[in-house]
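What follows is a short report on a single structure.
Proteins get letters first, then strands, A, B, ... in listed order; numbering begins at 1 in each. Quick note: numbers below take in every heavy atom, side chains included, and nothing from hydrogens, waters or symmetry partners.
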Protein chains: 2
Amino acid sequence: MADMSSGTQRKRIRKSPSDRRAEIVDAAAAIALTEGLECITLRRVAEQLDVRPGLISHYFPAVEDLVAEAFGTAAGAELNALLPADRAAGTPTDRLARFFVLATGAAYDDISRLWINARHLSRYRPVLRDRVSHQEALWRGRLEDLVREGVDRGEFRTADPYATTIQILVVIDGLGAHANTETGARPEVVTRMAVSTAERELGLEGGTLSRHGAALDADRTDAEAASGTDTSPAGSGT
Amino acid sequence: MADMSSGTQRKRIRKSPSDRRAEIVDAAAAIALTEGLECITLRRVAEQLDVRPGLISHYFPAVEDLVAEAFGTAAGAELNALLPADRAAGTPTDRLARFFVLATGAAYDDISRLWINARHLSRYRPVLRDRVSHQEALWRGRLEDLVREGVDRGEFRTADPYATTIQILVVIDGLGAHANTETGARPEVVTRMAVSTAERELGLEGGTLSRHGAALDADRTDAEAASGTDTSPAGSGT
DNA sequence: TTGCCTATTGGGCGGGCGACCAATAGCATG
DNA sequence: CATGCTATTGGTCGCCCGCCCAATAGGCAA
């Protein structure tokens, strides 16, 4: 215990490459969500993990790769939260309603910000652009599967599940576009645009999804109140 | 003509502050459109105008102000191109149809990119954020006026012109979100989403705006073929 | 316990950025 | 033509960035 004052010489902690790598990606993903993708710098990530910048460089010789990886992790985690892959989580209608509840609330703003961020940065960073395209395909695919399942079960009705899926996503993107600038409140009709589009394109009676959503929202709120909020994807401990 | 080889010592050209300032803003706006807002740096703008970086600094002590100004100029010019302020340019239906032709074509991609760029950068730059909000208000206002005029003339039918306007803009934003990443073609239904939304929300028969648009598009193409493309806002010489 | 492999450190290099300032030279004015 | 105002220059400063590399020390295996 020679020196316990300021962090003059932290004891080195040696981890397995795979653990360390995962740790770095997670830290970068957390930074991406809270501060933005351009804040993923060698020094910033290193500081977060309390290691030296060179170490980050060692695992990611090119930072752009880390940025892309971080985005993929964050977006992927959110996708799993919004549209769980397993089919046991309720009827298509229930799951779609849940999706809209989560993707329309103010809690989705961080994700909107991330998408705007990534789509813009894609202009300059090819590796990230590929990742963004990949994630877009994943989101689209997951939602399209849900739509098709609903059609198969007779809950939804659409001639072109693919086109319907894209239309829903376009509206969601449009609603999220203002996450960094919006100030005032929007008319109810606008807030409901995503749900309305889905109901219209899926041949559902107006209000169907909203009603399911309201019920699910109540459940979700109750669960959170009882067990603490653990819906967030990456652990942003302090 | 003593020295015409490398630019060893360019003759100074002295301009009036207002001229120079405008020149700087225009150059910055051009850079914003072609390369992105983060490429508006003292050195880059100076190079474009063939002056020294210090001069830019002199007119804009804080670069952020120049960035905001440049965005405002570019976005404002585009707005005037899409939705001319004067009411003599045809019936509301015609003008709205023209708007969609211009705002949906591939030529609009640069503008989409600019909006994505600005909305993202707004996260970090307050001055820019204010400008973006202001431009959003202008676009919204201009479109809303058109909608109201159409309602007054009995061409459109909507209970809430404001909400209708926002819905149209949300769809346009959603369609433009992928300007940096999109690769393949989209289903026709998706491409037509903006027009469809407008027709639905304005109580127009399906296809009304498209038909007007097709006619206008033909005219526009003819005119361009005859007189050269001069629809672009900022002169990007060379 | 000893030794080795390698994860980790510490430091340095070049580059681009915004900001600042004293010196210079256009150009209108008299 | 001479003079003065000021638009413009040229250079510097500090900051943060990505990238690279030789030296160091953690911790598992022998």
Considering only side-chain heavy atoms of [X], which listed nucleotide, [options], is closest?
X: B:His58; options: D:dT24, C:dA19, D:dA7; value: D:dA7
X: B:Arg14; options: D:dC19, C:dT8, C:dC27; value: C:dC27
X: A:Tyr59; options: C:dA25, D:dC17, C:dT8; value: C:dT8
X: B:Val51; options: C:dA19, D:dT9, C:dT8; value: D:dT9
X: B:Leu55; options: C:dG26, C:dT8, D:dT9; value: D:dT9
X: B:Leu42; options: D:dC19, C:dG18, C:dT6; value: C:dG18
X: B:Thr41; options: C:dC17, C:dC27, C:dA25; value: C:dC17

> Quick one: A:Arg44 CZ to D:dC16 C1', roughly how many Å, whole number?
Replying inline: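 Atom CZ in A:Arg44 sits about 14 Å away from atom C1' in D:dC16.
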> Taking for each residue the nucleotide of DNA chain C bearing the nearest heavy atom, is the 5' side occupied by B:Val63 or by A:Ser16?
Replying inline: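 Looking at the nearest nucleotide for each, A:Ser16 comes out on the 5' side.
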>> Which is more 5' along DNA chain C, the nucleotide nearest B:Lys15 or the one nearest B:Glu64? Just name the residue.
In response: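 Nearer the 5' end of the strand: B:Glu64.
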> Within the modelled atom types, does a donor on one side and an acceptor on the other bring the side chain of B:Arg43 and the base of C:dG16 under 3.5 Å apart?
Replying inline: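 For B:Arg43, whose side chain was compared with the base of C:dG16, there is no donor-acceptor pair (under 3.5 Å).
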> Any donor-acceptor pair under 3.5 Å joining the side chain of A:Arg12 to the base of C:dT8?
Replying inline: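 Side chain to base: pair present.
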>> By the 4.0 Å heavy-atom rule, please label A:Pro17 as base, sugar-phosphate, or nothing.
In response: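 Sugar-phosphate contact only - A:Pro17 comes under 4.0 Å of backbone atoms but never of a base.
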>> Within the 4.0 Å heavy-atom criterion, would you say A:Pro53 contacts the bases, only the backbone, or no part of the nucleic acid?
In response: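 No contact.
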Got a salt bridge between [X] and [Y], using NZ or NE/NH1/NH2 to carboxylate O under 4.0 Å?
X: A:Glu136; Y: A:Arg119; value: yes
X: A:Asp110; Y: A:Arg113; value: yes
X: B:Glu144; Y: B:Arg148; value: yes

> Using the benzene-type ring in the case of Trp, are the ring centres of A:Trp115 and A:Phe71 under 6.0 Å apart?
Replying inline: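 Ring-ring flag for A:Trp115/A:Phe71: true, centres closer than 6.0 Å.
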>> Against B:Val51, only a single residue in B:Val45, B:Ile56, B:Ile24 fulfils side-chain contact (heavy atoms from CB on, under 4.5 Å); can you say which?
In response: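 Result: among B:Val45, B:Ile56, B:Ile24, B:Ile56 is the only option passing the side-chain contact (heavy atoms from CB on, under 4.5 Å) with B:Val51.
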